[in-house]
Amino acid sequence: MTVVIGGGIVGLSSALALARAGQRVIAYAPRDDAAPSWGNAGHIAVEQIAPLASRAALFAAPRKLFAVGGALDFPPGMARHWLPFAWRFLRATAPRRFLAGQAALEGLMAGAMPAWRRLVETLDAPDMLSENGHLVAWESAASAKAGQRAWEAAALGTATLAPADARTQAKLAALTEARLFGPVAFTGSGQIRDLSRLHDCLRTALVDAGVEVRERHADLALSNGRASIDGVAPDAVLIAAGTGSRLLMEQTGHRTPLIAERGYHIRASANRWPADLPPVVFEDRAMIVTRYEHCVQAASFVELGDPAAPPDPRKWRRLERHVAELGLPIEPPYRRWMGCRPTLPDYLPAIGKSRRASNLFYAFGHQHLGLTLAPVTAEIVAAMIGDAPPERDLAPFDIERFQTNGRIS
């Protein structure tokens with residue numbers, strides 16, 4: 001028997017992959033509308049192979065702070081959460097660590113889109129995955145020139161970019177009252193057309209595959225070198241619980257420097273938003289707008305801190321102001337949401353087998369890439385728990401990478 005702990009996209013995808021590989025699976029999957037899996041931008045971001053723990057991100061941080069109009073926030077009241085994280089982030093930006101992380105992430109990301117194609121086919125919902133790429137635009141000639149130069153110099157993995165064609169530029173011009181400069185179109189990336197539909201499809205598939213879904217939290221403990229759930233030690237336990245993974249891992253002796261990266265969105269009726277337009281990034285505002293089947297969503301912000309703290313209404317108000325200043329066809333009433341991305345200091349996920357409990361496995365910390373990497377992570381997990389020969393080196397994702405001489409680093 002295998003137990004999976006986690007009700008987000010990584011947890012549900014992994015439970016399904018394990019069941020289809022022949023495992024008897026119990027999934028502890030509480031319904032959580034605040035999970036980032038069900039409130040993110042829907043973007044399959046295969047172009048983001050460079051870890052966000054970089055010197056470039058570090059030097060750009062001051063001008064991206066919320067206090068000066070940006071999307072990055074370190075709330076003073078949450079300093080006890082982000083100060084230790086910031087120190088480890090700083091260490092992770094060392095060029096050697098960054099390049100090693102990029103190589104590891106690139107290998108993982110190469111399998112992301114093929115894994116998504118396989119998953120939606122088995123869910124009998126191939127139309128749920130759109131492979132129409134995404135767009136990036138700027139609001140001044142100077143920022144467009146700098147932004148284009150940065151993207152052209154970046155490693156993009158399996159994605160490519162080119163100037164948006166005349167038809168696409170005309171669509172963007174009709175979308176906003178602001179003048180946009182230098183829009184570029186990415187190919188190779190994509191989106192999920194509706195996150196709620198994805199959630200429902202996965203839940204149905206789990207039941208059809210014989211998975212027992214328990215909509216409550218698991219009681220995890222460690223005894224005699226094995227992880228147990230509700231007093232029983234299964235053959236395997238997988239921790240894939242997003243930000244909740246930190247406490248679960250610590251209950252089994254793992255120190256895990258995981259932080260909640262809080263993001264915000266607003267949603268409204270999609271009546272006036274073009275149905276065939278892929279996600280649009282307004283890069284000067286660090287905002288991405290996505291059309292889903294039944295709504296349009298504007299999302300932004302990286303707020304590091306306490307997952308249990310109340311949302312900051314200023315973030316929603318700023319999103320609403322962005323929409324109004326751009327003159328986008330997104331009208332109130334707005335539905336507001338805040339969720340927590342599970343993030344490790346080097347911006348790489350944790351995927352592997354515990355060295356402290358013989359039956360414990362983990363897959364969490366996917367930061368902004370949880371949706372992108374969920375299906376390929378699930379395939380890795382199913383092979384790993386099934387003792388199949390590894391297809392890729394998982395050493396860069398070992399949670400023990402944060403341990404130095406018995407101390408967290």
Side-chain angles (χ1 to χ4, degrees), residues 3-15 17-18 35-37 48-49 51-53 81 84-85 88-89 91-92 97-98 100-109 111-112 218 220 222 227 236-261 304 307 340-385 390-404 407-409:
V3 170
V4 176
I5 305 175
I9 179 66
V10 174
L12 297 187
S13 299
S14 296
L18 285 160
S37 296
Q48 296 180 18
I49 68 164
L52 292 177
H81 294 272
F85 178 89
R88 295 172 190 126
F89 172 90
R91 295 183 63 182
R97 290 187 65 177
F98 169 78
Q102 178 171 289
L105 194 55
E106 183 173 14
L108 196 59
M109 293 281 270
L220 177 68
L222 185 66
V237 175
L238 173 69
I239 294 177
T243 55
S245 300
R246 177 170 186 162
L247 177 60
L248 292 167
M249 292 291 284
E250 288 178 349
Q251 287 174 347
T252 57
H254 292 273
R255 295 292 304 279
T256 307
L258 190 74
I259 199 170
E261 239 199 65
L304 290 98
C340 301
R341 310 175 190 97
T343 302
L344 290 158
D346 57 4
Y347 279 77
L348 298 178
I351 306 171
K353 181 177 182 179
S354 170
R355 301 179 196 175
R356 299 167 186 265
S358 61
N359 63 338
L360 182 66
F361 300 81
Y362 50 85
F364 61 86
H366 290 71
Q367 38 101 9
H368 298 251
L369 301 174
L371 183 72
T372 302
L373 291 174
V376 70
T377 299
E379 293 177 357
I380 292 168
V381 162
M384 183 169 56
I385 292 179
E391 294 185 2
R392 54 176 51 81
D393 180 15
L394 294 181
F397 311 114
D398 191 329
I399 195 61
E400 296 293 331
R401 69 187 186 267
F402 295 109
Q403 302 287 338
T404 303
R407 303 178 66 181
I408 199 161
S409 66

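These numbers come from a predicted model, not from an experiment.
- Atoms OG and CG, on Ser13 and Leu373 in that order, are 11.0 Å from each other to the nearest 0.5 Å.
- Using modelled atom types, one side-chain atom of Ser37 and one backbone atom of Ile9 make a donor-acceptor pair closer than 3.5 Å.
- A donor-acceptor pair under 3.5 Å links the side-chain atoms of Asn359 to the main chain of Ala227, judged by distance alone.
- Using the six-membered ring where Trp is involved, Phe89 and Tyr347 have ring planes that are perpendicular, over 60° apart on the 30 and 60° scheme.
- With sequence neighbours excluded, the residues that form a salt bridge (Lys or Arg N to Asp or Glu O under 4.0 Å) with Glu250 are Arg246.
- Nearest heavy-atom pair, Val4 versus Leu18, reported as atom, atom and distance to 0.1 Å: CG2-CD1, 3.7 Å.
- Residues Gln102 and Pro51 are in side-chain contact: their nearest non-hydrogen atoms beyond the backbone lie under 4.5 Å apart.
- A heavy-atom distance below 4.5 Å is not found between the side chains of Leu247 and Leu220.
- Between Pro342 and Pro349, every side-chain heavy-atom pair lies at or beyond the 4.5 Å cut-off.
- Residues Phe397 and Ala104 come closest through the heavy atom pair CZ-O, 3.6 Å.
- Atoms OG1 and CD, on Thr343 and Gln367 in that order, are 5.5 Å from each other to the nearest 0.5 Å.
- Pro307 and Cys340 get closest at one heavy-atom pair: CA-SG, 3.7 Å.
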Please walk me through it: do Leu108 and Ile351 pass side-chain contact (heavy atoms from CB on, under 4.5 Å)?
CA-CA 11 Å; Leu108 196 59; Ile351 306 171; 4.2 Å; yes

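- When side chains are defined from C-beta on, Arg401 counts as touching Leu348, because their heavy atoms get closer than 4.5 Å.
- The side-chain heavy atoms of Leu394 and Met384, taken from C-beta on, include a pair separated by under 4.5 Å.
- Atom NZ in Lys353 sits 9.5 Å away from atom CD1 in Ile385 (nearest 0.5 Å).
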Exercise for review: Starting from the C-alpha separation in whole Å, work towards a yes-or-no answer on side-chain contact (heavy atoms from CB on, under 4.5 Å) for Leu238 and Leu360.
Suggested key: CA-CA 6 Å; Leu238 173 69; Leu360 182 66; over 6 Å; no

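- Taking the charged nitrogens against the carboxylate oxygens, Arg392 and Glu379 have no contact shorter than 4.0 Å, which rules out a salt bridge.
- For the atom pair OG1 of Thr256 and CD of Glu400, the computed distance is 9.0 Å after rounding to the nearest 0.5 Å.
- The two atoms that bring Ala53 and Phe98 nearest to each other are O-CD1, 3.4 Å, heavy atoms only.
- Phe364 places none of its side-chain heavy atoms less than 4.5 Å from the side chain of Leu248.
- When all heavy atoms of Arg88 and Pro257 are compared, the pair lying nearest together is NH1-CB, 3.6 Å.
- Taking CZ of Arg341 as the reference point, atom CD of Glu261 lies at 5.0 Å (rounded to 0.5 Å).
- A pairwise comparison of heavy atoms in Leu371 and Pro375 identifies O-CD, 3.9 Å as the closest pair.
- His366 is not listed as a side-chain neighbour of Thr372, based on a closest heavy-atom distance of 4.5 Å or more.
- Judged by distance alone, the side chain of Tyr362 and the main-chain N or O of Ile399 form a donor-acceptor pair under 3.5 Å.
- Taking a cutoff of 4.0 Å between a charged side-chain nitrogen and a carboxylate oxygen, Arg355 and Asp398 qualify as a salt bridge.
- Atom OG of Ser14 and atom CD1 of Ile239 lie 12.5 Å apart (nearest 0.5 Å).
- Two residues are said to be in side-chain contact when any heavy atoms from C-beta on lie closer than 4.5 Å; His81 and Leu304 fail this criterion.
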